[in-house]
Amino acid sequence: MTETIDALAGLVAGGGVVVLSGAGLSTESGIPDYRGPSGAARRHTPMTYQVFTGDAQARRRYWARSHLGWRVIARAAPNDGHRAVARLQRGGLVDGVITQNVDGLHTAAGSPRVVELHGRLDEVVCLGCGNQTSREELDRRLREANPGFDARVAAVNPDGDVDLADDEVARFQTLDCTFCGTGVLKPDVVFFGETVPAPRVARCFDMVQRARLLLVLGSSLTVMSGRRFVLRAAKLGIPVVIVNQGPTRGDGYAALTLDAPLGRLLPALADRTVGAPAGGDVGSGVVPTGLTGVGR
């Protein structure tokens, strides 16, 4: 581990780092990923944008499952890896973060300058009028519309919903937008099959092009949504470092690849490069056990 941290610290110490984070950074907060050691891709098919918008029954199933899953996700807290990234930012070494995660844990850990590539699960948007509301507000409305809906949660899936029997789904009451009265509500996240807004992508490309080093944390880089930034960095001659548990589709472009748990490696990296934290990190806290959630 010492030699690993030394090699990484030598690259990060020069500053100008942009972080690209994936679901592997949040697994230690209890949020499973799709393809890493806790991966659920083999047993769970995520909701797609096309199915969500085209099938009212599919939307009912999604919201019934997500309504129960949200109670768990809302309690997730930043882990040592998130807090270490925030320390590296406050220390002037990391200029910004591009995250593929929708859990909001970078911001909760105290990181500034975070671009949430796939949106945030704690926000809701109307597909009809575009009005945005908080997930907390929708949760209140759904509880009022579904008194006593408290089905047993057997498992929570990576995109924040739970497994429910069809008879449980059938009795769930969905809700429309309160602003326009008829619009379909959707979590303000990019579903599989949906396009990331172009201005957001452009902002991320600009961050990468200005970077001295692209540091990938906890992403398998399986989908092009994140891998394109590694490809751009490589094309521009910007060094890429990948820290992930398991191989990634970007390994061939990396100057250094490390297989290590981020919750251990990143705090040690921050200690080595910016010094030990004084009085505790912003966003620190005990992570409840058994939490699950979302990410790519």
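- Between the side chain of Trp63 and the main chain of Leu185, a donor-acceptor pair closer than 3.5 Å is present.
- Using a distance-only test at 3.5 Å, with no hydrogens or angles considered, no donor-acceptor pair links the side chain of Ser29 to the main chain of Ile31.
- Counted within 6.0 Å of CD on Glu136, heavy atoms from surrounding residues, nucleotides or ligands total 12 or fewer; the atom is thus considered open.
- In terms of modelled atom types and a separation under 3.5 Å, the side chain of His67 and the main chain of Ala64 share no donor-acceptor contact.
- The two residues Val274 and Gly91 come nearest to each other via the heavy atoms CG1-CA, 3.9 Å.
- Glu144 and Arg140 are joined by a salt bridge, as a carboxylate oxygen and a charged side-chain nitrogen come within less than 4.0 angstrom of each other.
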Legend entry - Test log, rule side-chain contact (heavy atoms from CB on, under 4.5 Å), inputs Leu68 and Phe149: CA-CA 9 Å; Leu68 296 180; Phe149 187 81; 3.9 Å; yes

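- The shortest distance between side-chain heavy atoms of His118 and Val189 does not fall below 4.5 Å.
- Within the 3.5 Å criterion, the main-chain N or O of Gly263 finds a donor-acceptor partner in the side chain of Glu28.
- Atom CG of Asp166 has 12 or fewer heavy atoms from other residues, nucleotides or ligands within 6.0 Å.
- Annotation for Phe179: hydrophobic cluster partners, listed by chain and number, are none (ILVMFWY side-chain heavy atoms under 4.5 Å, direct or chained).
- Formation of a donor-acceptor pair under 3.5 Å by the Arg87 side chain with backbone atoms of Gly275 is found in this model.
- No continuous path of ILVMFWY side-chain contacts below 4.5 Å connects Leu236 to Leu20, so the two sit in separate hydrophobic clusters.
- Put simply, the side chain of Thr99 reaches to within 4.5 Å of the side chain of Val114, judged on heavy atoms.
- Looking only at side-chain heavy atoms (C-beta outward), Ser66 and Arg135 come within less than 4.5 Å of each other.
- You'll find the side chain of Val184 stays beyond 4.5 Å of the side chain of Thr53, heavy atoms only.
- Proximity of Leu266 to Asp80: side-chain heavy atoms (C-beta onward) are nowhere separated by under 4.5 Å.
- Identified under the salt bridge (charged side-chain N to carboxylate O under 4.0 Å, His left out) test for residues 234-260, with sequence neighbours left out: none.
- Taking 4.5 Å as the limit, every side-chain heavy atom of Thr248 sits out of range of all side-chain heavy atoms of Thr257.
- Distance alone, capped at 3.5 Å, is enough to place a donor-acceptor pair between the Asn146 side chain and the Leu142 backbone.
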Inset, instruction - Give the C-alpha distance, both sets of side-chain angles, the deciding distance and a yes or no for side-chain contact (heavy atoms from CB on, under 4.5 Å) between Leu88 and Val17. - result: CA-CA 9 Å; Leu88 291 168; Val17 178; over 6 Å; no

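- Atoms OG1 and CG, on Thr273 and Leu8 in that order, are 8.5 Å from each other to the nearest 0.5 Å.
- Taking the six-membered ring where the residue is Trp, Tyr62 and Phe191 present tilted rings, their angle falling between 30° and 60°.
- Counting only distance, with no hydrogens or angles, the side chain of Arg60 and the backbone of Phe172 share a donor-acceptor pair below 3.5 Å.
- Side-chain contact, Thr182 with Asp176: no donor N or O sits under 3.5 Å from an acceptor N or O.
- Smallest separation of non-hydrogen atoms from Ser26 and Asp103: OG-OD2, 2.7 Å.
- No side-chain donor-acceptor contact under 3.5 Å links Gln100 to the backbone of Ser219.
- Residue pairs meeting the salt bridge (charged side-chain N to carboxylate O under 4.0 Å, His left out) criterion with at least one partner in residues 118-129, sequence neighbours excluded, are Glu116-Arg120, Arg120-Asp122.
- Put simply, SG on Cys126 and NZ on Lys186 are 11.5 Å apart, with the number rounded to the nearest 0.5 Å.
- For the pair Arg227 and Leu221, the tightest heavy-atom approach, listed with the atom from each and the gap, is NH1-O, 3.0 Å.
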Inset, instruction - Test ring pair (Phe, Tyr, Trp, His ring centres under 6.0 Å) on Phe229 and Phe205 and set out the steps. - result: CA-CA 7 Å; Phe229 303 118; Phe205 273 132; 5.0 Å; yes

Inset, instruction - Could you walk me through whether Gln245 and Thr27 pass side-chain contact (heavy atoms from CB on, under 4.5 Å), step by step? - result: CA-CA 11 Å; Gln245 291 193 273; Thr27 55; 5.5 Å; no

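- Proximity of Arg210 to Asp95: side-chain heavy atoms (C-beta onward) are nowhere separated by under 4.5 Å.
- Checking side-chain atoms of Arg212 against main-chain N and O of Gly15 turns up a donor-acceptor pair under 3.5 Å.
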Legend entry - Val216 vs Asn244, side-chain contact (heavy atoms from CB on, under 4.5 Å): CA-CA, chis, key distance, verdict: CA-CA 8 Å; Val216 180; Asn244 189 62; over 6 Å; no

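- A donor-acceptor pair under 3.5 Å is absent between the side-chain atoms of Arg83 and the main chain of Ala109, judged by distance alone.
- Within a 6.0 Å radius of CZ in Arg203, other residues, nucleotides and ligands contribute 12 heavy atoms or fewer.
- Atom CZ of Arg141 and atom OG1 of Thr178 lie 5.0 Å apart (nearest 0.5 Å).
- In this structure, His106 and Leu25 have side chains that are in contact, with non-hydrogen atoms separated by less than 4.5 Å.
- Here the closest non-hydrogen pair linking Val169 and Arg61 is CG1-CA, 3.5 Å.
- Here the CG atom belonging to Asn79 is positioned 7.5 Å from the CG atom belonging to Leu105, to the nearest 0.5 angstrom.
- Across Leu213 and Pro239, no two heavy atoms sit closer than the pair CD1-O, 3.4 Å.
- There is no path of hydrophobic side-chain contacts, each under 4.5 Å, that joins Leu256 to Ile238.
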Inset, instruction - Please test Asp139 against Arg143 for salt bridge (charged side-chain N to carboxylate O under 4.0 Å, His left out), starting from the C-alpha separation and ending with a verdict. - result: CA-CA 6 Å; Asp139 181 66; Arg143 286 175 183 265; 2.9 Å; yes

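- Heavy atoms only, all atoms of each residue included: Val115 and Cys204 are closest at CG1-SG, 3.5 Å.
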